[in-house]
**Q** 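I'd like to ask you about the structure that follows.
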Amino acid sequence: MHTGRISFDKLPAMDVTALLDGLNPEQRDAVAAPLNHQLVLAGAGSGKTRVLVHRIAWLMQIEHLSPGSILAVTFTNKASKEMRHRIEELTGISPKHLWIGTFHSLAHRLLRTHWQQANLPENFQVIDSDDQLRLIKRIVRAMNIDETDFQPKQAQWYINQQKDEGLRAKHIQPFNDPRAQTMVTIYGAYEDACQRGGMVDFAELLLRAHELWLNQPSVLAQYQNRFRYMLVDEFQDTNSIQYAWLRVLAGDVIPVMAVGDDDQSIYGWRGAKIENILQFTEDFKGAQQVKLEQNYRSTSNILNAANAVIDNNPSRLGKKLWTEGEAGEPISLYEAFNEQDEARFICEQIEQWKIANSDKRYEKIAILYRSNAQSRVLEEAFIRAALPYRIYGGQRFFDRLEIKNAMAYLRLIQNRHDDAALERVINVPARAIGEKTVQQLRTLARENGSSLWQAVTQTVEHKTLTARALTSLTKFTQLIEDMENTCSDIELHEQVDHVIQSSGLIEHHQKEKGEKAQARLENLDELVTAAKSFNLEEAQEKQLENAPEDALIQSPMEAFLDQAALDAGDTQADEFEDSVQMMTLHSAKGLEFPLVFLAGVEEGLFPHKMSADDPVRLEEERRLAYVGITRAMQQLVITYAESRRLHGQEQFNSPSRFIREIPTEYIQEVRLKATIKKPVSNFFSTTAAKEATGLNIGQRVWHAKFGEGVILDMEGQGPQSRLQVSFDFDGTKWLVASYANLKPMDA
DNA sequence: GTTAAGGCATTTTTT
DNA sequence: ATGCCTTAAC
């Protein structure tokens, strides 16, 4: 409904054309659509975020929806922040009252507000997957279940998977499957433990929020009444419970705009349901569909390559990227001798690029790879070449051991019944409360259905342990009580500082040796700094005065703990130094770079061997290739290695099928100048053996006794030639060629 | 309560 | 090759 001309009382004036200016016809369709359901299929680089931001501006300024009546969901905190920022930039309206957040943060907000209706304690704690795993580990042990058979990791995976599907332990009927029965038992015990300790894991946030809708019609009605429009970004990444939550909330009353790209769905392995896109058009009747196919990022050579690759996926909704821009350079393809050579080549290319573009920054360059293990060799080569680099991913700040320990003390001050926190720090630093004592506490807690803290106090009162243990336990409880007392009336960062000091964590890490210790101490300092700047944000927020009905009454510490659990923060420091960006293909989604290297594009590595024989997973690998290719704006360089050392084993992979799927007209092979490709000794020693045997390194062969294998190396000459073969089942062996009688195999 | 030695797996990651 | 984790020994 276009509401025509209405006075823009408080909102800055902006007319219709300004919001649609610079948008292409499809983007305009999406932005200016009536308030009905909409599915926007947005190809890579097609201005997806732009459409979302303009759409929200349109809703506020043209449709006159109040910011508080618009809900926008993203998948990462980073994306939320970006959207807020761009909305403010475009409209000048403070995005304060917009409900923009991740599924998890929105669910969390609901549960904090409606904790009673959700059957949670008011001070419930969000636990991360690390805490979750520890808790499951304890449960599995306490239940005397064989840990080798039921690994906590698997149980964790199982539980999260069930929750993602909206299933509680009581819903699951394992019938005669004993394994499933045990899993369900573990799941049920885990649920009880969480409920007792007021702990909520990530999947639980979503599940509870969903159940809140189902069990509390009045709460649901309240929000259905409040929201006039909802938007979902990265829709292809929604899992079942997220979709269900959204669908129930929307009901028949709230129009939804889903934005996504089926070709960029790369998180199926963690529960994302690409099918939700199809489901959407069925469940949200009359949804208008818009395809954004014009690309503003890459050259047409790059786009054509991407289109050709993704075209090999049979089950697609179908999209074809195009550009008004130039063809650009062909895609470079380099066959490296091994992974060292590959890394060296990339360094050389970057050095040349820098000579030709001395005014441009290194951060315009990205190296993308399938798995993190590949970064090591690249890193070494970069250090040798003295090129600046930054590796994305890896451990996040709040995931670090020392930070988690410090946070556990803070959590314990906040909530004595947080068993996960107590277990973590009761003997860190060591205070003579050993495994045996803790075990007894656990037993006692289980018998009473109480928390560990209660077990500790009870033990101390009744003196049911050795005098030695009792002294230690008393000291510990005293420590925590003292901490709370001291912290009750000081600033947040002072609280953090005090806890770090008085807990003995500083001394604990000082005693550690090696470089790590120093880094840990620095991180603890950094935590105080983080608390300081958090204080600032809090203060600012208070000044702005949130709408009262949204206000959550939380102490700064509570808010700080929540943020630490839900927003792991930016990955690493050093982000200010201009450097080449190295990351996995997964973390590259949503980013773009003028120059992109795709490294290790080999069968077995990419597509990964774990996915190679499952058509569904293979399609996802191909989508990953599509994501990788479309990150490049001007120049794409693909490299692969003839041989690669991985997990201490030499491997001979053939070039990835994804390379073959790119039409040769878009590719230019790069040969190195006069550089010697292979180490000389190896080259000569293998030549004679090759002639004598008629076989080649990397070739697959068959042996009468050992079966199939791959030739890794050869040496010697004539009948004396020896071959090193890695057999699929019998390991690696050296064989004399004239006796081995190896038969070459195809493929 | 701390350290050394052996076993074992080893894609991708956000919340 | 490496790192993580459990177990065994100081």
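Numbered from 1 within each chain, the chains take letters A, B, ... in sequence-line order.
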**Q** Is there a side-chain contact between A:P607 and A:F658 (heavy atoms, below 4.5 Å)?
**A** yes

**Q** Which residues satisfy the side chain to side chain contact (heavy atoms under 4.5 Å, CB included) test with A:A381, sequence neighbours excluded?
**A**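 If we apply the side chain to side chain contact (heavy atoms under 4.5 Å, CB included) test to A:A381, skipping adjacent residues, the hits are A:A343, A:C347, A:R384.
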
**Q** Would you indicate, yes or no, if B:dT12 has its OP1 or OP2 atom less than 4.0 angstrom from a side-chain nitrogen or oxygen of A:S587?
**A**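 A:S587 to B:dT12 OP1/OP2: no side-chain N or O under 4.0 Å.
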
**Q** Would you call A:P429 and A:L505 a side-chain contact if the rule is heavy atoms closer than 4.5 Å?
**A**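 In contact.
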
**Q** On DNA chain B, compare the nucleotides closest to A:E621 and A:A203; which residue's is nearer the 5' end?
**A** A:E621

**Q** Distance check needed: B:dT15 C1' versus A:E204 CD, whole Å only.
**A** 14 Å

**Q** What's the OH-P distance between A:Y369 and B:dT11, to the nearest Å?
**A** 15 Å

**Q** Please report, rounded to the nearest Å, how far the P atom of B:dT12 is from the OH atom of A:Y267.
**A**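 It works out to 11 Å between those atoms.
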
**Q** Would you call A:K81-A:D567 a salt bridge at under 4.0 Å N-O?
**A** yes

**Q** Under the side chain to side chain contact (heavy atoms under 4.5 Å, CB included) test, which residues partner A:Q440, sequence neighbours left out?
**A**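 Partners of A:Q440 under the side chain to side chain contact (heavy atoms under 4.5 Å, CB included) test: A:L465.
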
**Q** Taking B:dT13 as the reference, what is the distance to C:dC4 when you measure between their P atoms (whole Å, please)?
**A** 16 Å

**Q** Kindly state whether the pair A:W269 / B:dT11 counts as stacked, where counting means centroids closer than 5.5 Å and planes tilted less than 30° apart.
**A** no

**Q** Using a cut-off of strictly less than 4.0 Å, decide whether A:N372 has a side-chain nitrogen or oxygen near OP1 or OP2 of B:dT13.
**A**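 Yes, within the criterion.
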
**Q** Under a criterion of less than 4.0 angstrom to any heavy atom of chain A, what are the 5'-terminal and 3'-terminal contacting nucleotides of DNA chain C?
**A** C:dA1 to C:dT6

**Q** Pick the closest DNA chain B nucleotide for A:T584 and for A:G434 by heavy atoms, then say which residue is nearer the 5' end.
**A** A:G434

**Q** Verify the contact: side-chain N or O of A:R396 to OP1 or OP2 of B:dT14, cut-off strictly under 4.0 Å; return yes or no.
**A** yes

**Q** So is the aromatic ring of A:H586 stacked onto the base of B:dT12, judging by whether the centres are under 5.5 Å apart and the planes are under 30° apart?
**A**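 Check failed, A:H586 does not stack on base of B:dT12.
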
**Q** Can the ring centres of A:F202 and A:H108 be said to be less than 6.0 Å apart?
**A**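 Between A:H108 and A:F202, which both carry aromatic rings, the centre distance is not below 6.0 Å.
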
**Q** Please give, in whole Å, the distance from B:dT11 C1' to A:F658 CZ?
**A** 13 Å

**Q** Taking salt bridge (Lys or Arg N to Asp or Glu O under 4.0 Å) as the test, write out the residues that go with A:K404, two or more places apart.
**A** A:D128, A:D130, A:D131

**Q** Could you tell me the separation between the CD atom of A:Q395 and the C1' atom of B:dT14, rounded to a whole number of Å?
**A**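 Roughly 15 Å, once rounded to whole Å.
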
**Q** Among residues at least two apart in sequence or on other chains, which ones pass side chain to side chain contact (heavy atoms under 4.5 Å, CB included) with A:R316?
**A** A:D262, A:D263, A:I310, A:D311, A:N313, A:K319

**Q** Hey, can you pull the residues of residues 418-433 of chain A with a non-hydrogen atom under 4.0 angstrom from DNA chain B?
**A**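 Nucleic-acid contacts, sorted: A:N427, A:A430, A:R431, A:A432, A:I433.
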
**Q** Are the side chain of A:Q374 and the backbone N or O of A:S371 linked by a donor-acceptor pair below 3.5 Å?
**A**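 Present.
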
